[in-house]
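Here the structure comes first, spelled out in structure tokens, and everything after it is commentary.
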Protein chains: 2
Amino acid sequence: MRVSLKDVAARAGVSIKTVSNVVNNYQHVTPAMRERVQQAIDELGYRPNLTARHLRQGRTGIIALALPELGNPYFAELAAAVIDAAALHDYIVLLDHTGGRREQEVLVSQGFRARVIDGLILSPIELEAEDLRERTENVPLVLLGERHYDLPYDHIAVDNVAAARTAVRHLIDLGRREVAFIGARRGHSQPAHLRLQGWREELLSAGLSVDDGLIATTEGWGHADGAAAMTRILETGRRPDAVFAYNDPIAIGAMRVLSERGMRVPEDVAVVGFDDVVEGHFGTVTLTSVSPDKEAIARMAVESVLARLSGKAPEPRRVWADYRLIARESTLGRSTQAGRST
Amino acid sequence: MRVSLKDVAARAGVSIKTVSNVVNNYQHVTPAMRERVQQAIDELGYRPNLTARHLRQGRTGIIALALPELGNPYFAELAAAVIDAAALHDYIVLLDHTGGRREQEVLVSQGFRARVIDGLILSPIELEAEDLRERTENVPLVLLGERHYDLPYDHIAVDNVAAARTAVRHLIDLGRREVAFIGARRGHSQPAHLRLQGWREELLSAGLSVDDGLIATTEGWGHADGAAAMTRILETGRRPDAVFAYNDPIAIGAMRVLSERGMRVPEDVAVVGFDDVVEGHFGTVTLTSVSPDKEAIARMAVESVLARLSGKAPEPRRVWADYRLIARESTLGRSTQAGRST
DNA sequence: ATGAAAGCGCTAACAA
DNA sequence: TTGTTAGCGCTTTCAT
């Protein structure tokens with residue numbers, strides 16, 4: 001059986017309180033007493049029971065992070081950043097993935113899987129505002145990512161419309177005129193909506209026409225989806241001279257198809273992705289991408305949760321995280337510069 | 001303040017136990033009573049306090065998973081698989097990453113970060129047997145991955161020596177004779193030791209010479225490390241006709257360097273990786289790789305922890321997970337077969 | 001500086 | 001079928 005404070009107290013011949021004082025580094029304990037208790041602790045191999053402590057304190061020191069999918073390197077890298085940011089505040093992270101499915105996202109937002117938590121950071125894909133409006137769970141919730149909700153929750157994201165415009169502007173500046181967008185999603189809810197909007201706005205502001213034939217939807221957000229979408233566009237006979245993809249895996253999947261068909265990147269088709277995952281730095285053609293400041297996003301998300309937890313948070317706010325466009329070979333070509341820049 | 005069983009009981013005019021019965025779906029409750037209590041629950045928005053339940057039950061339903069780094073897609077994919085496997089048993093997963101640093105691995109194994117857990121799955125890199133021998137923490141521990149320890153803990157891994165031999169055999173069968181190994185590590189502890197050993201054994205058994213000049217060490221396990229190591233080999237003037245890399249990111253980093261120097265894969269240099277991450281399926285040259293059965297590893301890890309938890313585990317054992325070599329363009333070339341095979 | 005005792009919210013043994 | 005109660009291990013007044 002596990003040893004408790006009581007056992008240590010008995011062993012040391014003191015009260016429970018004294019042991020607790022030692023364990024918690026309470027100031028007013030005589031060195032002699034501290035020594036004596038510590039010895040009992042060591043002999044018995046006592047470890048405090050955190051569950052009991054949590055019950056008593058009304059908090060667990062755990063925050064949950066629910067992401068669409070860990071297989072996507074962007075989310076994996078983000079998860080790592082959140083774990084580190086939480087550790088700075090002595091919090092640990094419970095990880096869940098939703099598959100980007102609404103049903104699963106609702107369950108998570110309601111605390112179905114993890115109710116042992118002090119707070120929740122959720123990156124929704126299909127979740128609707130109404131789902132959140134019905135939320136009864138009362139642990140602090142912070143939203144991450146692209147969707148916009150007009151709801152009283154903190155929301156941390158890059159300005160997707162502006163970032164998308166930056167990406168498309170880059171392509172236009174390079175002289176491209178037929179810019180496809182890959183990664184819109186089927187169905188009513190459009191998580192890619194804002195990036196698509198940025199694509200559209202920038203094309204219009206450049207005096208170019210917006211052609212729906214150059215928008216390709218995908219089922220998911222992986223390499224295979226990008227490959228399938230690119231294939232579909234090419235099979236309609238369209239020959240865009242540039243592609244702006246919803247994210248890097250989709251962009252890389254698309255580049256693979258271009259390569260299979262003998263089209264050169266960027267000479268024939270320039271490609272820009274989104275998320276700046278490491279994978280994009282090392283392909284045969286390195287990938288130009290919009291790079292969100294993941295560390296800042298993670299840090300702000302954790303801090304938002306903790307602020308709300310301590311009650312000293314301002315009203316719910318939307319926070320924009322930094323981003324920058326990193327141009328690499330998929331738009332500049334290999335000769336132009338060092339290919340593997342960060 | 002949060003509502004408790006007591007509040008609900010007062011509201012419904014029944015005892016605490018009755019409410020508890022309803023919450024836990026205890027059989028012997030009259031429908032009328034259930035109805036009445038449920039109504040009080042709904043009105044008050046009661047949610048059980050899991051911390052209290054855990055304290056009472058002596059378990060939390062949480063297992064921790066400590067991986068070297070989430071940025072490595074293999075570990076990210078493995079984490080996803082563990083989360084799913086745990087969910088099947090109503091367990092949730094607390095995620096931590098160690099950076100593969102011994103100090104951090106020791107802390108994790110001692111339960112420093114997360115003592116709210118019922119069990120721990122740890123994938124060590126630098127951790128030494130002696131560290132584990134000194135372990136005082138008593139939550140079940142299951143080891144994952146490549147290292148071998150002669151210690152009373154369950155250990156789940158693919159047979160790295162055999163898997164490495166399979167990979168090298170594949171290269172030899174294709175007629176390659178100068179097979180480099182990239183990804184050995186500096187320092188005393190050699191996490192890549194077994195794969196290196198397999199490389200050596202297979203070369204010898206094929207009657208080829210083992211040339212230490214074809215072994216390149218790396219600091220880490222990422223793309224950049226593979227690129228640096230490949231560069232180093234080439235700058236010694238060596239021209240291997242094949243590369244076996246410790247893992248896929250290293251292999252992909254190496255291929256990038258080959259491409260920069262105008263060497264063709266696989267015509268000039270055939271490349272085999274390890275882990276079969278999705279990224280390898282979509283490069284300009286898709287990557288031949290050893291594919292461990294991640295789902296099986298995750299499942300067995302979770303089941304091992306739970307078995308030990310319930311006390312009905314046999315003596316600690318080493319379990320081999322399945323693997324297979326998946327040949328793609330980086331050894332077969334593009335024409336030979338469909339490039340993006342899974 | 002240390003001790004006694006209450007109670008966090010829940011489950012389960014026992015009683016009615 | 002439902003109620004009473006002890007206690008999981010800890011922190012925290014309140015005494016001493």
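Bear in mind that the values here come from a model prediction, so they are computed numbers and not experimental data. Note on naming: letters A, B, ... go to the chains in the order of the sequence lines (proteins, then strands), and numbering restarts at 1 for each one.
Using a 3.5 Å distance cut-off with no hydrogens or angles, the side chains of A:Glu43 and A:Gln39 do pair a donor with an acceptor.
Annotation: side chain of A:Pro48 is in contact with side chain of A:Arg53 (closest heavy-atom distance under 4.5 Å). In this structure, the side chains of A:Ile63 and A:Leu120 stay at 4.5 Å or more apart for every pair of heavy atoms. A:Arg47 places a side-chain heavy atom less than 4.5 Å from the side chain of B:Thr136.
Summarising the geometry, the separation between CD on A:Gln57 and P on D:dT13 is reported as 12 Å, rounded to the nearest angstrom. Distance B:Met33 CE to D:dT2 P: 4 Å, rounded to the nearest Å. In this structure, CD1 of A:Ile41 is placed 14 Å from C1' of D:dG9, rounded to the nearest angstrom. Rounded to whole Å, the distance from CG on A:Leu50 to P on D:dC8 is 18 Å. Rounded to whole angstrom, the span from the CG atom of B:Asp7 across to the C1' atom of C:dC8 amounts to 13 Å. In this entry the distance linking NZ of B:Lys6 with P of C:dC10 reads 10 Å, nearest Å. Here D:dT2 presents its P atom at 9 Å from CZ of B:Arg36, a figure rounded to the nearest Å. Atom CG in A:Leu5 sits about 13 Å away from atom C1' in D:dC8, given to the nearest Å.
Remark: B:Ile16, B:Lys17, B:Ser20, B:Asn24 in residues 10-30 of chain B come within less than 4.0 Å of DNA chain C through at least one heavy atom.
To the nearest 0.5 Å, atoms CD1 (B:Ile156) and OG (B:Ser123) are separated by 11.0 Å.
Between the two ends of the helix from C:dA1-D:dT16 to C:dA16-D:dT1, each summarised by a five-pair axis, the helix axis turns through 40° (rounded to 10 degrees).
For the ring pair (Phe, Tyr, Trp, His ring centres under 6.0 Å) condition, the pairs that include at least one residue of residues 21-80 of chain A, sequence neighbours left out, are A:Tyr26-A:His28.
B:His155 and B:His148 have perpendicular rings, their planes meeting at more than 60° on a 0 to 90° scale where under 30° would count as parallel.
One finds a salt bridge joining B:Arg102 and B:Glu130 here, because a Lys/Arg side-chain nitrogen approaches an Asp/Glu carboxylate oxygen to under 4.0 Å. Taking a cutoff of 4.0 Å between a charged side-chain nitrogen and a carboxylate oxygen, B:Glu128 and B:Arg147 qualify as a salt bridge.
In terms of position along DNA chain D, the nucleotide closest to B:Arg34 lies nearer the 5' end than the nucleotide closest to the other residue of the pair B:Leu55 and B:Arg34.
Of the listed nucleotides (D:dT11, D:dG9, C:dT11), D:dT11 has the atom at the smallest distance from the side chain of A:Arg56.
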